[in-house]
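Residue numbers count from 1 along this sequence.
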Amino acid sequence: MPFTRIAPTPSGYLHRGNAYNFLLTQHLARQAGGDILLRIDDIDRARFRPEYLQDIFDSLEWLGISYEEGPASLEEFELRWSQQQRQDRYQALLDELRRLGFVYPCSYSRKEIQKLSSDGIYRGEQRNEQLSLDDPGVAWRILVPDGKHMQWKTEHDTFNIDLHQSMGHFVVRKKDGQAAYQIASLSDDIDFAIQLIVRGEDLIPSTAAQLYLADCLGFMDFRRSVTFHHHPLILDADGEKLAKSQGAESLQAMRQAGLPPPRFDF
């Protein structure tokens, strides 16, 4: 079974920040003698483009990153590895959350939530108790108690995150009926028996959210076996977080300019 995973999303051209994450993941895996899974997160097909998918394969080859499990081409990915083929598993977890009473329906749009909360995080204000989880066009949100803290340890740090403040009642099933990222990512990490998850420090709240979901669903073995490594972000010249684009920071642009792959000290 794989020890860790590289999990890009085909929603834009990869950048130096992605390269740092992939190379660090490879470094930590090889240090531990573990295998790597290439898991391409295409749960959001609205932003999916074949050229972005191809960029993942081209970038990994250019960076010199090898992996033991996962697709080697667009065709193999669509045939065997797309998250669209694991929707039944995601739905089973959503159904279990429903059975246990952890989710409720929500019809608010992002614009409406912004009016309720200036930071755009919905914390259960003005819940509409008349809605049903079976109504069309409603999202499923998970109940996160006020003051709910999530704590976990890594080799170097102890994290203690107020999940209610940082994520609120986050979405687990979108209005179109598809599983949201938090459910799909947790499900895949459990099913592929991932032991090390390497992420940017901007995803610390997502780690807290997925550990909370694991607790709700009773995945105690996952809780005991997984280690998270959160690394600093690679920033642009203005000190801002890099975003996927076709700009000078994209790996595609660097390849086209004949530049060597970026290298980092770990």
Between [X] and [Y], is there a donor-acceptor pair closer than 3.5 Å when you use the side chain of the first and the backbone of the second?
X: Glu68; Y: Leu38; result: no
X: His229; Y: Thr227; result: no
X: Lys175; Y: Ser107; result: yes
X: His164; Y: Pro145; result: no
X: Tyr122; Y: Met167; result: no
X: Ser59; Y: Asp55; result: yes
X: Ser225; Y: Asp221; result: yes
X: Gln87; Y: Gln91; result: no
X: Tyr67; Y: Pro71; result: yes
X: Gln54; Y: Pro50; result: no

If you round to the nearest 0.5 Å, how far is [atom2] of [Y] from [atom1] of [X]?
X: Leu133; Y: Arg141; atom1: CG; atom2: CZ; answer: 13.0 Å
X: Asn18; Y: Ile234; atom1: CG; atom2: CD1; answer: 10.5 Å
X: Leu213; Y: Ser187; atom1: CG; atom2: OG; answer: 11.0 Å
X: Trp140; Y: Leu97; atom1: CH2; atom2: CG; answer: 8.5 Å

Between Phe264 and His27, ring centroids under 6.0 Å: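 For Phe264 and His27, the ring centres are not under 6.0 Å apart.
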Residues forming a salt bridge (charged side-chain N to carboxylate O under 4.0 Å, His left out) with Asp44, sequence neighbours excluded: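 For Asp44 the salt bridge (charged side-chain N to carboxylate O under 4.0 Å, His left out) partners, ignoring immediate neighbours, are Arg47.
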Check [X] against [Y] and note the closest heavy-atom contact, atom names and distance.
X: Gln165; Y: Ile121; answer: O-CD1, 3.5 Å
X: Leu60; Y: Phe22; answer: CD2-CD1, 3.8 Å
X: Met150; Y: Tyr212; answer: CE-N, 3.6 Å
X: Ile194; Y: Phe222; answer: O-CE1, 4.4 Å
X: Pro262; Y: Leu23; answer: O-CD1, 3.7 Å
X: Thr25; Y: Asn21; answer: OG1-O, 2.7 Å

Counting only heavy atoms not in [X] (residues, nucleotides, ligands), do more than 12 fall under 6.0 Å from its [atom1]?
X: Asp176; atom1: CG; answer: yes
X: Glu201; atom1: CD; answer: yes
X: Arg263; atom1: CZ; answer: yes
X: Glu61; atom1: CD; answer: no

Intermediate values then yes/no, ring pair (Phe, Tyr, Trp, His ring centres under 6.0 Å), Tyr20 and Phe266: CA-CA 10 Å; Tyr20 180 87; Phe266 301 126; 5.4 Å; yes
Do [X] and [Y] sit in one hydrophobic cluster, given that two such residues count as connected whenever their side-chain heavy atoms are within less than 4.5 Å of each other, even indirectly?
X: Ile43; Y: Leu74; value: yes
X: Val171; Y: Leu203; value: no
X: Tyr181; Y: Ile183; value: no
X: Ile6; Y: Trp62; value: yes
X: Ile56; Y: Leu79; value: no

Carboxylate-amine/guanidinium proximity below 4.0 Å for [X] and [Y]:
X: Asp146; Y: Arg123; answer: no
X: Glu96; Y: Arg99; answer: yes
X: Asp134; Y: Arg98; answer: yes
X: Asp189; Y: Arg5; answer: yes
X: Asp41; Y: Arg39; answer: yes

Will you find, in the side chains of [X] and [Y], an N or O donor that is under 3.5 Å from an N or O acceptor?
X: Ser66; Y: Arg30; value: yes
X: Thr207; Y: Arg199; value: yes
X: Gln83; Y: Asp188; value: yes
X: Gln182; Y: Ser206; value: yes

Given Phe102, Tyr104, Tyr108, the one that forms ring pair (Phe, Tyr, Trp, His ring centres under 6.0 Å) with His169: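 Per the ring pair (Phe, Tyr, Trp, His ring centres under 6.0 Å) rule, the option paired with His169 is Tyr104, out of Phe102, Tyr104, Tyr108.
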Which residues share a side chain to side chain donor-acceptor pair (under 3.5 Å) with Thr9, sequence neighbours left out: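 Expected list: Ser11, Lys244.
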Non-hydrogen side-chain atoms of Ile197 and Phe228 separated by less than 4.5 Å: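 Ile197 vs Phe228: side chains touch.
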